[in-house]
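Notes follow the structure.
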Amino acid sequence: MALELQANANASLGASFPASFPASFPLTRCQGTACFTFARLIPGTTVTVVGDSGHVYGPATFVGFNNASCAVTLRETDPFTPGATTTTVIDCTKVESISYTS
């Protein structure tokens with residue numbers, strides 16, 4: 001029964017795309033302004049990020065963005081331990097704002 005429902009769902013989803021829709025088009029859950037911004041941000045840029053929980057990350061160095069997993073990697077220098085750094089990975093869909101200088 002469950003397999004039959006899944007097969008019907010797949011068939012109806014596949015039928016909803018226009019014929020010109022490219023089969024290789026990357027369907028991703030990484031949507032929104034923050035994800036769009038991180039996808040175009042240059043690694044090495046200094047950023048301050050506010051999460052949807054209100055937590056502030058940074059100032060930190062933007063290391064990279066993985067569009068497949070929505071992961072944003074930031075690296076912060078620990079102000080209390082000279083020479084120590086903290087690497088943080090956050091979900092771009094959980095970001096409220098990004099500040100950076102272009």
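Residue numbers count from 1 along this sequence.
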C92/C30 sulfur atoms closer than 2.5 Å =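 No disulfide here.
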task = Could you list the residues that satisfy side-chain contact (heavy atoms from CB on, under 4.5 Å) with F36, not counting sequence neighbours?
result =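 Applying side-chain contact (heavy atoms from CB on, under 4.5 Å) to F36 gives R40.
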task = Compare all side-chain heavy atoms of V72 with those of V89 and state whether any distance is below 4.5 angstrom.
result =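 Of all side-chain heavy-atom pairs linking V89 with V72, none is under 4.5 Å.
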message = In the structure I gave you, are the side-chain heavy atoms of L41 and V47 within less than 4.5 Å of one another anywhere?
response =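 Yes, close enough: below the 4.5 Å cut-off.
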message = Give me each pair satisfying ring pair (Phe, Tyr, Trp, His ring centres under 6.0 Å) with a member in residues 67-89, each pair once, sequence neighbours excluded.
response =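 Every candidate ring pair (Phe, Tyr, Trp, His ring centres under 6.0 Å) pair involving residues 67-89 fails, so no pair, neighbours aside, qualifies.
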query = For the residue pair V49 and V95, what are the closest heavy atoms and their distance?
reply =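 Closest pair (atom of V49, atom of V95, distance): CG1-CG1, 3.7 Å.
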key: Nearest atoms (heavy-atom pairs only) where A60 meets E76   =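 In terms of heavy atoms, the two residues are closest at CB-CG, 3.3 Å.
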ask   = Listed by chain and number, what are the ring-ring contact (aromatic ring centres under 6.0 Å, His included) partners of F62, not counting sequence neighbours?
value =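 Partners of F62 by the ring-ring contact (aromatic ring centres under 6.0 Å, His included) criterion, ordered by chain and then number, come out as F38.
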task = Could you name each residue pair satisfying side-chain hydrogen bond (donor to acceptor under 3.5 Å, both in side chains) that touches residues 43-66, not counting sequence neighbours?
result =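 Of all non-adjacent pairs touching residues 43-66, none passes side-chain hydrogen bond (donor to acceptor under 3.5 Å, both in side chains).
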ask   = Is V56 isolated, or which residues cluster with it under the ILVMFWY side-chain rule of less than 4.5 Å, directly or via members?
value =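 Besides V56, the hydrophobic cluster comprises V50, listed by chain and residue number.
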inquiry  = Applying side chain to side chain donor-acceptor pair (under 3.5 Å), can you list everything that pairs with T87, at least two apart in sequence or on another chain?
reply    =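 T87: side chain to side chain donor-acceptor pair (under 3.5 Å) contacts with R75.
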Which residues share a side chain to side chain donor-acceptor pair (under 3.5 Å) with T93, sequence neighbours left out =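 Result, side chain to side chain donor-acceptor pair (under 3.5 Å) vs T93: D91.
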inquiry  = Please list all pairs meeting salt bridge (charged side-chain N to carboxylate O under 4.0 Å, His left out) that have one or both residues in residues 78-89, counting only residues at least two apart or in different chains.
reply    =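 Counting only pairs at least two positions apart or across chains, no salt bridge (charged side-chain N to carboxylate O under 4.0 Å, His left out) contact touches residues 78-89.
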Joint hydrophobic cluster, I98 plus V63, side-chain heavy atoms closer than 4.5 Å =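 Result: no, two separate clusters.
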